[in-house]
Amino acid sequence: MPRSQISRKLVKLTRQLQMLQQSPPLARGAPSGTEASLQRKAGILPSLEDLLFYTIAEGQEKIPAHKFTTALKSTGLRTGDPRLKECMEMLKVTLKTTSDGALDRHLFKKCVQSNIVLLTQAFRKKFVIPDFQSFCGHIDDLYENAKNLSGGQVADYIPQLARFSPDLWSVALCTVDGQRHTVGDTKVPFCLQSCVKPLKYAIAVHDHGTEYVHRFIGKEPSGLRFNKLFLNEDDKPHNPMVNAGAIVCTSLIKVMNFMNKLAGNEYVGFSNATFQSERESGDRNFAIGYYLKEKKCFPEGTDMTSILDFYFQLCSIEVTCESASVMAATLANGGFCPITGERVLSPEAVRNTLSLMHSCGMYDFSGQFAFHVGLPAKSGVAGGILLVVPNVMGIMCWSPPLDKLGNSVRGIQFCTDLVSLFNFHNYDNLRHFAKKHDPRREGGDQRVKSVINLLFAAYTGDVSALRRFALSSMDMEQRDYDSRTALHVAAAEGHAEVVRFLLEACKVNPVPKDRWGNTPMDEAVHFGHHDVVTILKDYHNQYSPQDTAVEKQSAEKNLDGML
Ligand code: GLU
């Protein structure tokens, strides 16, 4: 390919990349129909509905409705997802007009058209966990593993907690794309208790900003039990995850419909009995309240006892494992509720909250949890653990028996196992680290970007950039849409050093064929780069194809030394 053609191609690729970067991300959770129909009118997205029909119909003339909903569920979407409301309503109406409960292409299009972008994303495996079924299989295994644990004590300082069976155990998750999975007793209501602390802190920061909130509350782990009567050197509570900090935080928030928004309007209730019991047995919290009052920890004009009431009420907010997983997912999704698309919290509030959950969320186990699990989490005395995998998913684990430090025994086991299996620990993605399983989708734009960077470095002869890519375990044999590799481009441009590096250090395939059937050797000959021709010939003579394959296997190991 002539040089000018290559550079035109690179310009084109770069433009594509820019377009990818500029195009608004398909808002995770945002209603999708309008944008799609606009684009269709402009002729950019011709007949996504047809494509979807053929994908699901698998060669049949009609799609039975149950086949559609089963296929939908396998992507992780629920038929009750608020983002699919129009589609599901239309499906119901349309089915009444059919005799066999099946949809031909025309009826199918009618049903899916208003939610076509979300549906296409789902079926093209564009969600954050593309292989959702197999991921859920792993989650179920982890659930079963923790189910066998029998240790721990159910909290019994109030009857509303003591009544729970120690056998209750559930896990629910919601990804940032609104994929849902639940296992166990996921519909039983329980009180958030201390799991509400990060949420109210997030609301306080959302409403007032970081600076104002932290005039009253610190950011440091206390090193003391959560309900200790103790303040830091500035006479402020240590952080908003311990009782003193949470009580002060309560005095900063006013709005309650936040909880509903956080949960995407799924179950949020209130246990008045728990509230009364908490108040009656809350001597320690009253002691903390008076101490805070004495030390002027509240904003001016605060009525301490009514704030304590509010604090007990917030502890008594009921959720189910399912609805709380949506709350956690809203945090994982930077403050947007994945299933309604609504922005509930500011990015600042979410970032602060995740930081403090990470360092202070798990009582006196916080340091160890941050060490072993490496994810922000908050547990509560009812046995809940609200766990966030930032940018991926929110999880709620619930099981009442608690260990000596007050964390759910099964919940801790689940979180630990989750991170042993998947690379979710904050520091799992370090270079040169033993690779764990990654269920996340490699972003399509990410891949395009990486091919462009690779080919561009080969085009400009930038060996040091190529070294960096190789070191960060980039696939050095990646091909663009014409099946051209970095070696093709470097050979065509006559960059001898790059060719040598790709062959000797990276052990790339020396004879890849592009879509015109050309090899790097053809390119070098065609453009008269004799030095490159010699390198390629020598390399070819030195290594037989089998040798190359064997060498390539050990290349990764040797790469560090050679660079
Ligand atoms: N209601 C409890 C308290 O404030 C909450 C305990 C907890 O979940 O850590 O003491």
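All ligand and atom numbering here is 1-based and tracks the order in the structure. As the structure is a prediction and not an experimental result, all values here were calculated from the model. Heads up: numbering here begins at 1 and tracks the sequence.
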Main-chain N/O of [Y] paired to [X] side chain as donor or acceptor, under 3.5 Å:
| X | Y | value |
| --- | --- | --- |
| Asn232 | Asp235 | yes |
| Thr416 | Ile412 | yes |
| Lys125 | Asp131 | no |

Checklist entry - Does ligand 1 have any atom that is closer than 4.0 Å to a heavy atom of Asn285? => result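 It does, in that a heavy atom of Asn285 comes within the 4.0 Å cut-off of ligand 1.
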By number and element, which atoms of ligand 1 are closer than 4.0 Å to a non-hydrogen atom of [X]?
| X | answer |
| --- | --- |
| Asn243 | 3 (C), 4 (O), 10 (O) |
| Tyr363 | 7 (C), 8 (O), 9 (O) |
| Gly380 | 8 (O) |
| Tyr311 | 3 (C), 4 (O) |
| Glu278 | 1 (N), 2 (C) |
| Tyr157 | 1 (N), 2 (C) |
| Cys315 | 1 (N) |
| Val381 | 6 (C), 7 (C), 8 (O) |

Next on the checklist: How far is atom 5 (C) of ligand 1 from the closest protein heavy atom, and which atom is that?
Outcome noted: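 In this structure, atom 5 (C) of ligand 1 has Gln193 OE1, 3.2 Å as its nearest protein heavy atom.
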Item to check | For atom 6 (C) of ligand 1, closest protein heavy-atom neighbour | outcome: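 Scanning the protein heavy atoms, the shortest distance from atom 6 (C) of ligand 1 goes to Ser194 OG, 3.6 Å.
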Next on the checklist: Taking side chain to side chain contact (heavy atoms under 4.5 Å, CB included) as the criterion, tell me which of Leu168, Val171, Thr186 meets it with Trp398.
Outcome noted: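 The residue from Leu168, Val171, Thr186 that satisfies side chain to side chain contact (heavy atoms under 4.5 Å, CB included) with Trp398 turns out to be Leu168.
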Checklist entry - Out of Tyr311, Phe310, Phe298, which residue meets the side chain to side chain contact (heavy atoms under 4.5 Å, CB included) rule with Ser251? => result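 Testing Ser251 for a side chain to side chain contact (heavy atoms under 4.5 Å, CB included) against Tyr311, Phe310, Phe298 leaves exactly one candidate, Phe298.
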Checklist entry - Looking at Phe135 versus His181, is the centre-to-centre ring distance below 6.0 Å? => result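 Ring-ring flag for Phe135/His181: false, centres at least 6.0 Å apart.
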Next on the checklist: Tell me if the centroids of the rings in His425 and His372 come within less than 6.0 Å of each other.
Outcome noted: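 No, the ring of His425 stays outside the 6.0 Å limit from the ring of His372, centre to centre.
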Next on the checklist: When you measure from the centre of the six-membered ring of Tyr363, is the NZ or CZ of Lys378 closer than 6.0 Å and no more than 45° off the axis?
Outcome noted: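 Yes, cation above the ring, under 6.0 Å and within 45°.
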